[in-house]
Asks: 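Handing you a structure now.
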Amino acid sequence: MAVIIDGKALAAKVRDQARHDVDELKERGIEPGLAVVLVGDNQASATYVRAKLRDCEQCGIPSHDFKLPADTSQVELLELIGRLNEDAAIAGILVQMPLPRHLDEEAVVSAIRPDKDVDGFHPENLGRLVRGLPGLRPCTPAGIMCMLDEHGIDPAGKSAVIVGRSSIVGKPMALMLLARDATITVSHSRTADVAAVCQTADIVVAACGIARMIKGDWLKPGATVIDVGMDRDEAGKLCGDVDFESAEPVAGAITPVPGGVGPMTRAMLMSNVVLAARMQHGL
Ligand code: GUN
């Protein structure tokens with residue numbers, strides 16, 4: 001029987017701390033605004049954005065909501081980002097991804113001022129992570145580090161396997177675990193035997209986007225299993241990248257889906273807004 005890592009409960013704690021930190025900033029006359037930019041009418045994105053705006057309200061973060069039509073041009077979007085970069089009332093800028101196909105996501109991310117990049121996607125922030133310098137970290141891996149810490153799971157000296165090599169989860173996750181002295185393996189779609197790689201892991205982070213791919217017999221008994229997946233099974237039911245039913249009896253600790261990594265990702269965005277505001281004011 002694994003310990004269930006309750007992301008929902010921990011996220012509430014992280015938001016409480018953010019609320020407290022925001023109050024402190026306001027006492028100093030700092031209003032840490034978050035600009036949330038949504039281009040087009042992707043329904044999933046609209047749902048995520050609504051949730052982020054609700055989190056802002058709960059944490060006392062003034063939100064600035066920009067809903068742009070699907071045919072917004074690259075120039076128009078970059079002009080908006082330019083204005084937000086200069087606006088002292090805006091501590092953080094989030095452009096919800098994915099963008100409509102005619103827009104260049106890479107150019108958009110790179111246009112955001114690195115100290116307002118609360119997603120932690122900007123090349124400068126990823127470079128800072130590589131070099132071990134302070135900076136804004138991507139929310140999902142930051143939330144996972146917070147979950148490990150909360151449960152007293154110290155990565156130092158442990159073997160960690162990350163399944164998936166995205167720039168927003170897999171690669172930064174590997175770097176953050178490495179910074180905490182874990183030994184890292186990143187497996188991906190061209191890895192010969194993912195099951196055998198996972199069997200070596202004390203910590204598995206599943207971020208491959210394939211419903212229930214990681215089975216219980218792929219795990220070392222007692223392993224910590226972190227599931228980043230937000231997938232649908234054949235019946236259309238929400239599930240993770242880990243087959244929870246077979247994994248839970250083998251794991252030492254495991255995150256559920258929903259109620260695991262997802263809520264933590266959102267909560268870390270609030271922490272990043274606080275951090276961004278503090279950095280901008282030399283605090
Ligand atoms: N789309 C899906 N997840 C994210 C995220 O964490 N940040 C942004 N900006 N867009 C996303």
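One-based numbering, in listed order, for ligands and for the atoms of each.
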Asks: Judged by modelled atom types alone, do Gln280 and Lys116 share a side-chain donor-acceptor pair under 3.5 Å?
Replies: no
Asks: Does any N/O atom on Tyr48 come nearer than 3.5 Å to any N/O atom on ligand 1?
Replies: no
Asks: What residue and heavy atom of the protein are closest to atom 1 (N) of ligand 1, and at what distance?
Replies: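 Result for atom 1 (N) of ligand 1: Met97 O, 2.8 Å.
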Asks: Polar contacts were defined as any N/O atom of the residue lying under 3.5 Å from an N/O atom of the ligand; does this apply to Val95 and ligand 1?
Replies: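 Between Val95 and ligand 1, an N or O pair is found under 3.5 Å apart.
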Asks: Do Thr183 and Ser159 have a side chain donor and acceptor closer than 3.5 Å?
Replies: no
Asks: Could you tell me whether a side-chain N or O of Gln199 sits under 3.5 Å from a main-chain N or O of Asp217, the two making a donor and an acceptor?
Replies: yes
Asks: Which residue and non-hydrogen atom of the protein lie closest to atom 4 (C) of ligand 1, and at what distance in Å?
Replies: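 It is Gln96 NE2, 4.1 Å.
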Asks: Can you find an N/O atom of Phe121 closer than 3.5 Å to an N/O atom of ligand 1?
Replies: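 There is no such contact.
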Asks: Would one find an N or O of Asp119, backbone or side chain, under 3.5 Å from an N or O of ligand 1?
Replies: yes
Asks: For the pair Asp181 and Lys158, find out whether any cationic side-chain nitrogen is under 4.0 Å from an anionic carboxylate oxygen.
Replies: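 Salt bridge flag = no for Lys158 with Asp181.
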Asks: Using a 4.0 Å heavy-atom cut-off, which part of Leu269 comes near ligand 1: side chain, backbone, both, or neither?
Replies: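 It is neither part, as no heavy atom is under 4.0 Å.
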Asks: Indicate yes or no: at least one non-hydrogen side-chain atom of Leu10 is less than 4.5 angstrom from one of Met264.
Replies: yes
Asks: Taking Asp117 first and then Arg113, would you say they form a salt bridge - that is, a charged N and a carboxylate O separated by under 4.0 Å?
Replies: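 Not counted as a salt bridge, because no side-chain N and carboxylate O are separated by less than 4.0 Å.
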